[in-house]
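Remarks on the structure that follows.
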Amino acid sequence: MGTSKHSDPAFLTILLQDEIGGLQVLHDDQWVNINPISGGLVVNIGDFLQATSNDKLKSVQHRVLTNHVGPRVSVACFFKGETSKSYGPIKELVSDENPPLYKDFSINEYHGKFFSQGLDEKSGLEHFKL
Ligand SMILES: O=C(O)CCC(=O)C(=O)O
Ligand SMILES: [Fe+2]
């Protein structure tokens, strides 16, 4: 199965892909293949880690292209927090020189935005920028 461009609605995603390939990440405006490594796991930074780190860590835009080699199977494990708790830039990372870039928001609020728009649209984080 393929997916359109998106960043993950989670803190971290750990992904196991099979040998078919097709996963790509956007780096410097170019799509880069993430070639499968047998037994290897892909770890993606998600939007919540970007927001809590106040953009010190960046969530990765990625997509999956389908091909004709055969059916593709992947297993993604999303690390999320408590759905009703609010998250925002952690206080240790904000200061007068580095003001918070996001307001606090809950996973429920974020999901409301993320799932009401299509993939390939603007990042879910855009809705919570200060
Ligand atoms: O199947 C993959 O390799 C990635 C899937 C994905 O991006 C997702 O589930 O968020
Ligand atoms: Fe994803």
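Note that the structure is a prediction, hence the values are computed from the model and not measured. In listed order, ligands and their atoms are each counted from 1.
- The residue N44 has no part lying near ligand 1, judged by heavy-atom distances below 4.0 Å.
- Heavy atoms of H6 approach ligand 1 to within less than 4.0 angstrom.
- The atom of D8 nearest to the Fe ion (ligand 2) is OD1, with the search restricted to N, O or S atoms.
- Q17 contributes no side-chain N or O that, together with a main-chain N or O of R72, makes up a donor-acceptor pair within less than 3.5 Å.
- At distances below 3.5 Å, at least one donor-acceptor pair connects side-chain atoms of H62 with backbone N or O atoms of V60.
- Within ligand 1, counting atoms from 1 as listed, the ones closer than 4.0 Å to a heavy atom of V64 are 1 (O), 2 (C), 3 (O), 4 (C).
- In this structure, D18 contributes its side chain and V73 its backbone to a donor-acceptor pair below 3.5 Å.
- Within ligand 1, counting atoms from 1 as listed, the ones closer than 4.0 Å to a heavy atom of F78 are 8 (C), 9 (O), 10 (O).
- Using a 4.0 Å cut-off to heavy atoms of D8, the atoms of ligand 1 that qualify are 10 (O).
- At least one heavy atom of H62 lies less than 4.0 angstrom from ligand 1.
- A search for ring pair (Phe, Tyr, Trp, His ring centres under 6.0 Å) contacts involving Y110 returns F48, F114, not counting sequence neighbours.
- Neither the backbone nor the side chain of T13 comes within contact range of ligand 1; no heavy atom lies under 4.0 Å.
- Checked by atom type and distance alone, the side chain of H6 pairs as donor or acceptor with a backbone atom of S4 at under 3.5 Å.
- With a 4.0 Å cut-off on non-hydrogen atoms, R72 touches ligand 1 through its side chain and not its backbone.
- Between the side chains of D47 and S7, at least one donor-acceptor pair of N or O atoms lies under 3.5 Å.
- A donor-acceptor pair is defined here as one N or O able to donate and one able to accept, closer than 3.5 Å; such a pair exists between the side chain of N67 and the backbone of V69.
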